Amino acid sequence: MKKLQFKVSINAPVTKVYDFMLGINSKSTYDQWTSLFNPTSTYEGSWDKGNKILFIGIDEKGEKGGMVSKIAENIFNRFVSIQHYGLIKADKEITEGPEVEKWANGFENYTFEENNGTTTVIVDLDTTEDFLDYMNQTYPKALEKLKELCEK
């Protein structure tokens with residue numbers, strides 16, 4: 001597993017950035033910034049600590065795919081930790097086997113820091129070698145989209 005970190009400063013209060021990033025009041029804000037990963041990106045489940053959450057999209061074959069995850073921590077407006085423990089392929093949850101082992105216990109953490117009305121979002125991400133270039137290219141663009149949404 002490789003560790004990556006991405007940061008973005010957003011001219012908006014942390015309450016708005018946290019809400020938009022997670023899609024708390026309107027899932028459409030989450031769907032918009034994550035559309036850079038997959039145009040059909042969304043989630044099913046809840047951001048409450050301990051809850052299962054699915055990060056999904058529709059692939060080129062029209063099948064649901066994505067990650068099976070658990071919210072390891074959620075401190076309102078401060079920190080969210082997502083633990084990935086499975087994959088969704090062709091609408092089926094897979095939580096064991098060689099493909100899953102590459103990702104098992106990988107984390108995606110969001111840290112929110114507000115200073116004088118500007119919020120810095122820090123994303124710490126575990127990824128596999130296969131997705132290194134993709135994440136390095138796509139995550140910064142997705143965070144720029146989040147910034148654009150929050151600063152409107």
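As the structure is a computational prediction, the values presented were derived from the model and not from experiment.
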May I ask whether [X] and [Y] are part of the same hydrophobic cluster, defined by side-chain heavy atoms of I, L, V, M, F, W, Y residues being less than 4.5 angstrom apart, directly or through others?
X	Y	answer
Leu54	Val80	no
Tyr43	Trp33	yes
Val17	Leu22	yes
Phe37	Leu125	yes
Phe131	Met67	yes

From [X] atom [atom1] to [Y] atom [atom2], the distance as rounded to the nearest 0.5 Å:
X	Y	atom1	atom2	value
Asn38	Ile58	CG	CD1	8.0 Å
Lys2	Leu132	NZ	CG	7.0 Å
Thr15	Ile24	OG1	CD1	12.0 Å
Leu36	Thr138	CG	OG1	7.5 Å
Glu101	Thr128	CD	OG1	13.5 Å
Lys147	Thr119	NZ	OG1	10.5 Å

- Does anything in residues 62-73 pair up under side chain to side chain donor-acceptor pair (under 3.5 Å), and if so which pairs, sequence neighbours excluded?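 For residues 62-73: Glu44-Lys64, Lys49-Glu73, Ser69-His84.
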- Query: Hey, is the main chain of Gly65 close enough, under 3.5 Å, to the side chain of Asp59 for a donor-acceptor pair?
  - Reply: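 Checking the backbone N and O of Gly65 against the side chain of Asp59, no donor-acceptor pair under 3.5 Å is found.
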- Sidechain-backbone polar pair: Glu144 side chain, Pro140 backbone, donor-acceptor under 3.5 Å: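 No; judged by distance alone, with no hydrogens or angles, the pair does not exist.
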- Task: Identify, with sequence neighbours excluded, every residue that meets ring-ring contact (aromatic ring centres under 6.0 Å, His included) alongside Tyr18.
- Result: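 Once residues adjacent in sequence are excluded, the partners of Tyr18 under the ring-ring contact (aromatic ring centres under 6.0 Å, His included) criterion are Phe76, Phe112.
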- Query: Of all residues at least two apart in sequence or in a different chain, which pass the ring-ring contact (aromatic ring centres under 6.0 Å, His included) check with Phe6?
  - Reply: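 Partners of Phe6 by the ring-ring contact (aromatic ring centres under 6.0 Å, His included) criterion, ordered by chain and then number, come out as Tyr139.
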Side-chain heavy atoms of [X] within contact of [Y], under 4.5 Å:
X	Y	answer
Ile71	Ile82	yes
Phe20	Leu146	yes
Lys52	Val68	yes
Leu143	Met21	yes
Ile56	Thr42	yes

- Query: Stepwise, does the side-chain contact (heavy atoms from CB on, under 4.5 Å) test hold for Val123 with Gln5?
  - Reply: CA-CA 5 Å; Val123 176; Gln5 186 177 80; over 6 Å; no
- Message: Checking Ile88 against Ile94 for the side-chain contact (heavy atoms from CB on, under 4.5 Å) test, could you report, in this order, the C-alpha distance in whole Å, the side-chain angles of both residues, the deciding distance, and whether it holds?
- Response: CA-CA 6 Å; Ile88 300 170; Ile94 304 164; over 6 Å; no
- Message: For the aromatic rings, using the six-membered ring if either is Trp, is the centroid distance between Trp47 and Phe55 under 6.0 Å?
- Response: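 Judged by ring-centre distance (under 6.0 Å), Trp47 and Phe55 do meet the cut-off.
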If every non-hydrogen atom of [X] is compared with every non-hydrogen atom of [Y], which pair is closest and at what distance?
X	Y	answer
Ser41	Ser35	CB-N, 4.4 Å
Tyr30	Thr34	O-OG1, 2.8 Å
Asp126	Asn105	OD2-O, 4.3 Å

- Message: Between Ile10 and Glu148, is the side-chain contact (heavy atoms from CB on, under 4.5 Å) condition met? List the steps.
- Response: CA-CA 8 Å; Ile10 301 172; Glu148 187 185 299; over 6 Å; no
- Item | More than 12 heavy atoms of other groups within 6.0 Å of Lys89 NZ |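 Atom NZ in Lys89 is not crowded, with 12 or fewer foreign heavy atoms closer than 6.0 Å.
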- Pairs in or reaching into residues 103-123: which pass salt bridge (Lys or Arg N to Asp or Glu O under 4.0 Å), with residues at least two apart or in two chains?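 Found none.
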- Query: For Asp91, which residues count as a salt bridge (Lys or Arg N to Asp or Glu O under 4.0 Å) partner, sequence neighbours excluded?
  - Reply: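 Here no residue qualifies.
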- Item | salt bridge (Lys or Arg N to Asp or Glu O under 4.0 Å) against Lys16, all qualifying residues, sequence neighbours excluded |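 Scan of Lys16 (salt bridge (Lys or Arg N to Asp or Glu O under 4.0 Å), adjacent residues dropped) gives none.
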- Message: By the definition side chain to side chain donor-acceptor pair (under 3.5 Å), identify the one residue from Asn25, Asn77, Thr29 that meets it with Asp19.
- Response: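 Of the listed options, the one satisfying the test is Asn25.
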- Item | Test side-chain contact (heavy atoms from CB on, under 4.5 Å) applied to Asn136 and Leu4, step by step | CA-CA 8 Å; Asn136 276 320; Leu4 298 175; 3.7 Å; yes
- Message: Does Phe79 form a ring pair (Phe, Tyr, Trp, His ring centres under 6.0 Å) with Tyr110? I'd like the steps, not just the answer.
- Response: CA-CA 6 Å; Phe79 180 73; Tyr110 306 152; 9.0 Å; no
- Task: Would you tell me whether Ser46 and Asp48 have side-chain atoms, one donor and one acceptor, within less than 3.5 Å of each other?
- Result: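 The criterion, which ignores hydrogens and geometry beyond distance, is satisfied for Asp48 and Ser46.
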